[in-house]
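A short worksheet on the structure shown next.
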Amino acid sequence: MQPPADAAGDVRMISSKELRGHASADDLWISISGDVYDVTAWLPRHPGGDVPLLTLAGQDATDAFAAYHPPSARPLLRRFFVGRLSDYTVSPASADYRRLLAQLSSAGLFERVGPTPKVQLVGMAVLFCAALYCVLACASAWAHLLAGGLIGFIWIQSGWMGHDSGHHRITGHGALDRVIQVLSGNCLTGLSIAWWKCNHNTHHIACNSLDHDPDLQHMPLFAVSAKLFSNMWSCFYKRTMAFDAASKLLISYQHWTFYPVMCIARINLLVQSALFVLFQRKVPQRMLEVAGVAAFWIWYPMLVSCLPNWWERVAFVLSSFTITGIQHVQFCLNHFSSEVYVGPPKGNDWFEKQTAGTLDILCPPWMDWFHGGLQFQIEHHLFPRLPRCHLRKVAPFVRDLCKKHGLTYSAASFWDANVLTWKTLRAAALQARSTAAGAAPKNLVWEAVNTHG
């Protein structure tokens with residue numbers, strides 16, 4: 001690491017051009033509030049993973065740092081100090097954003113979680129007991145089908161719980177939060193919280209970047225932009241997202257297959273989660289993560305096996321997967337129809353990228369439970385540590401800020417958001433059909449028979 005001062009005792013001045021030259025894993029500098037830090041040694045120990053730091057390497061990361069870290073994290077940066085940017089500037093939008101963030105912090109909103117987590121935990125426990133009762137104590141096939149739906153609904157609530165606890169403390173105690181994460185996430189749903197954090201942190205930092213944001217990388221099933229038809233390299237998955245004959249076939253009809261696929265999308269998450277905890281090079285508390293996921297693969301098949309025949313077992317699984325598919329649709333509504341770009345995010349327009357790449361869902365307060373905080377996705381992306389019980393209060397301030405600076409603030413009803421998503425998928429599907437790359441036979445039956453992979 002470079003010394004913080006030169007021989008004369010003056011602070012070293014560093015240009016943005018020099019800062020951009022330190023943007024690799026073995027030489028990684030970032031700038032926060034005009035100060036430059038060499039965080040190369042911190043990269044493997046960063047609690048949020050190495051991908052966010054690598055994504056913002058060699059540039060200003062002030063807004064992202066402020067959004068994700070409490071003020072108490074600032075003093076920890078001193079040991080990494082290198083110097084100051086000689087040409088540091090702040091855009092008017094970023095200045096107002098940082099001012100609003102400081103006001104929310106001074107008001108103590110980031111520490112006030114409210115009763116939501118407790119109510120959710122109690123509700124999940126009651127519903128789980130009800131599902132067990134329907135399977136073990138009822139002979140009716142309809143009761144068994146209802147049990148599958150209850151399990152799916154519990155998985156949705158677990159998703160909101162994991163999302164909240166992954167962004168901020170829900171109990172005030174880190175160890176207790178970790179226990180709740182593993183029990184309600186890994187054990188109850190089979191989805192690793194470590195896998196989710198890795199994906200989700202990257203999504204927040206590189207919101208709607210086609211080659212950096214994993215939440216937009218669903219080839220060969222879905223593509224939200226024709227830019228993905230160029231065999232783009234995924235910086236997250238470290239592989240080429242091939243637009244071949246199979247991709248062209250599937251994407252050409254994606255606006256019709258979207259909702260059916262969402263009904264079984266849980267399978268993809270279960271597979272990704274298992275692969276992550278088993279084969280990812282660095283997994284925090286790997287054995288705990290593996291044990292939690294293994295617990296799911298014990299209790300869920302055992303519960304299914306208690307049903308009297310195979311058609312009821314299949315119906316139970318499909319019921320649970322279909323109900324939780326509602327949440328998978330919700331995840332897509334917030335971003336699929338919003339503005340996309342290629343390349344890493346730029347630190348000096350982080351605020352603008354978050355607002356342009358996100359869509360809020362309009363709903364009355366009594367429907368907030370249904371959306372789990374995603375109805376204020378713009379506010380959540382700007383203030384990810386803010387408990388969702390405060391998002392509705394903060395929304396007017398964000399709208400005013402966007403209006404002041406001429407920035408996009410998109411919101412639509414749940415129905416209209418679905419329409420926008422469907423239209424986005426349809427537009428990309430029609431473009432895929434006329435794209436020469438990965439050309440496939442025009443006969444649909446022939447295509448289906450000859451699709452490999």
Side-chain angles (χ1 to χ4, degrees), residues 30-35 48 52 55-56 59-77 85 88-114 116 163-164 166-170 200-201 203-208 334-335 338-339 345-363 365 368 371-412:
I30 59 172
S31 170
I32 298 174
S33 300
D35 291 333
T55 304
L56 294 172
Q59 58 177 309
D60 178 67
T62 306
D63 289 341
F65 179 86
Y68 268 94
H69 301 82
S72 59
R74 290 267 180 170
L76 303 177
L77 294 170
L85 275 182
Y88 176 64
T89 59
V90 182
S91 71
S94 285
D96 281 347
Y97 164 67
R98 296 173 194 179
R99 193 175 299 114
L100 178 57
L101 180 63
Q103 291 171 353
L104 299 180
S105 182
S106 298
L109 296 186
F110 291 101
E111 287 74 42
R112 300 177 193 169
V113 178
T116 302
H163 185 252
D164 290 345
H167 281 294
H168 59 82
R169 289 190 173 184
I170 59 175
H200 199 65
N201 288 344
H203 159 68
H204 266 268
I205 294 298
C207 177
N208 272 33
N334 292 126
H335 297 287
S338 298
E339 183 180 313
K346 300 295 189 295
N348 57 2
D349 67 353
W350 186 84
F351 175 80
E352 291 88 335
K353 283 290 192 294
Q354 298 295 325
T355 54
T358 310
L359 174 74
D360 274 6
I361 306 298
L362 300 173
C363 72
D368 283 350
H371 297 282
L374 298 189
Q375 72 275 32
F376 296 109
Q377 187 76 338
I378 296 175
E379 290 73 20
H380 169 64
H381 266 255
L382 294 175
F383 311 106
R385 294 186 298 109
L386 188 68
R388 64 170 127 142
C389 59
H390 303 305
L391 293 174
R392 185 173 288 276
K393 305 172 190 174
V394 171
F397 299 102
V398 175
R399 283 196 296 268
D400 290 344
L401 197 156
C402 290
K403 183 178 180 180
K404 175 182 178 181
H405 295 284
L407 300 176
T408 301
Y409 186 95
S410 301

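Note that the structure is predicted; figures quoted are calculated from it, not measured. The first residue in the sequence is number 1, and the count goes up from there.
Contacts of T408 classified as side-chain hydrogen bond (donor to acceptor under 3.5 Å, both in side chains), with partners at least two apart in sequence or in another chain: none. Not counting sequence neighbours, T89 has no partner by the side-chain hydrogen bond (donor to acceptor under 3.5 Å, both in side chains) test. Evaluation of the salt bridge (charged side-chain N to carboxylate O under 4.0 Å, His left out) rule for R74 yields no partner, not counting sequence neighbours. By the side-chain hydrogen bond (donor to acceptor under 3.5 Å, both in side chains) test, D349 is found to be paired with K353, residues two or more places apart in sequence or in another chain being considered. In this view, T62 and D60 satisfy the side-chain hydrogen bond (donor to acceptor under 3.5 Å, both in side chains) rule, not counting sequence neighbours. A search for side-chain contact (heavy atoms from CB on, under 4.5 Å) contacts involving R392 returns C363, P365, D368, F376, not counting sequence neighbours. For F65, the ring pair (Phe, Tyr, Trp, His ring centres under 6.0 Å) test picks out H69, with sequence neighbours left out. In this structure H200 satisfies the ring pair (Phe, Tyr, Trp, His ring centres under 6.0 Å) test together with H163, H167, W196, H203, H204, sequence neighbours excluded.
How far CD1 of I32 is from CG of L77: 4.5 Å, rounded to the nearest 0.5 Å. With values rounded to the nearest 0.5 angstrom, L386 atom CG is found 5.0 Å from L391 atom CG. Residue R399 holds its CZ atom at 8.0 Å from CG of D360, rounded to the nearest 0.5 Å. Distance NE2/H381 to OG1/T358: 4.5 Å, rounded to 0.5 Å. Here S338 contributes atom OG and I378 contributes atom CD1; the two are 7.5 Å apart, rounded to the nearest 0.5 Å. From D164, atom CG reaches atom CZ of R169 across 15.5 Å, with rounding to the nearest 0.5 Å.
Inspection of the E111 and H168 side chains reveals no N or O donor paired with an N or O acceptor under 3.5 Å.
Considering every non-hydrogen atom in both L56 and A64, the closest pair reads CD1-CB, 3.6 Å. In terms of heavy-atom proximity, T55 sits nearest to A206 at CG2-CB, 4.3 Å. Here the closest heavy-atom approach between residue H335 and residue G357 is recorded as ND1-O, 2.7 Å. Considering every non-hydrogen atom in both C207 and Q354, the closest pair reads CB-OE1, 3.7 Å. Here the closest non-hydrogen pair linking P75 and P71 is CD-O, 3.7 Å. Across all their heavy atoms, C389 and K393 have their closest contact at O-CE, 4.0 Å.
A donor-acceptor contact shorter than 3.5 Å links the side chain of T355 to the backbone of E352. Formation of a donor-acceptor pair under 3.5 Å by the Q375 side chain with backbone atoms of G373 is found in this model. Remark: the backbone N or O of L359 is paired with a side-chain donor or acceptor of N334 at under 3.5 angstrom.
Using a 4.5 Å heavy-atom cutoff, the side chains of S31 and D35 are not in contact.
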Table please: side-chain donor-acceptor pairs of residues 95-104 below 3.5 Å, with sequence neighbours left out.
unit_1: D96; atom_1: OD1; unit_2: R99; atom_2: NH1; d: 2.4
unit_1: D96; atom_1: OD2; unit_2: K404; atom_2: NZ; d: 2.8
unit_1: D96; atom_1: OD2; unit_2: H405; atom_2: NE2; d: 2.7
unit_1: Y97; atom_1: OH; unit_2: L382; atom_2: O; d: 2.5
unit_1: R98; atom_1: NE; unit_2: D63; atom_2: OD1; d: 2.6
unit_1: R98; atom_1: NH1; unit_2: Y88; atom_2: OH; d: 2.9
unit_1: R98; atom_1: NH2; unit_2: D63; atom_2: OD1; d: 3.3

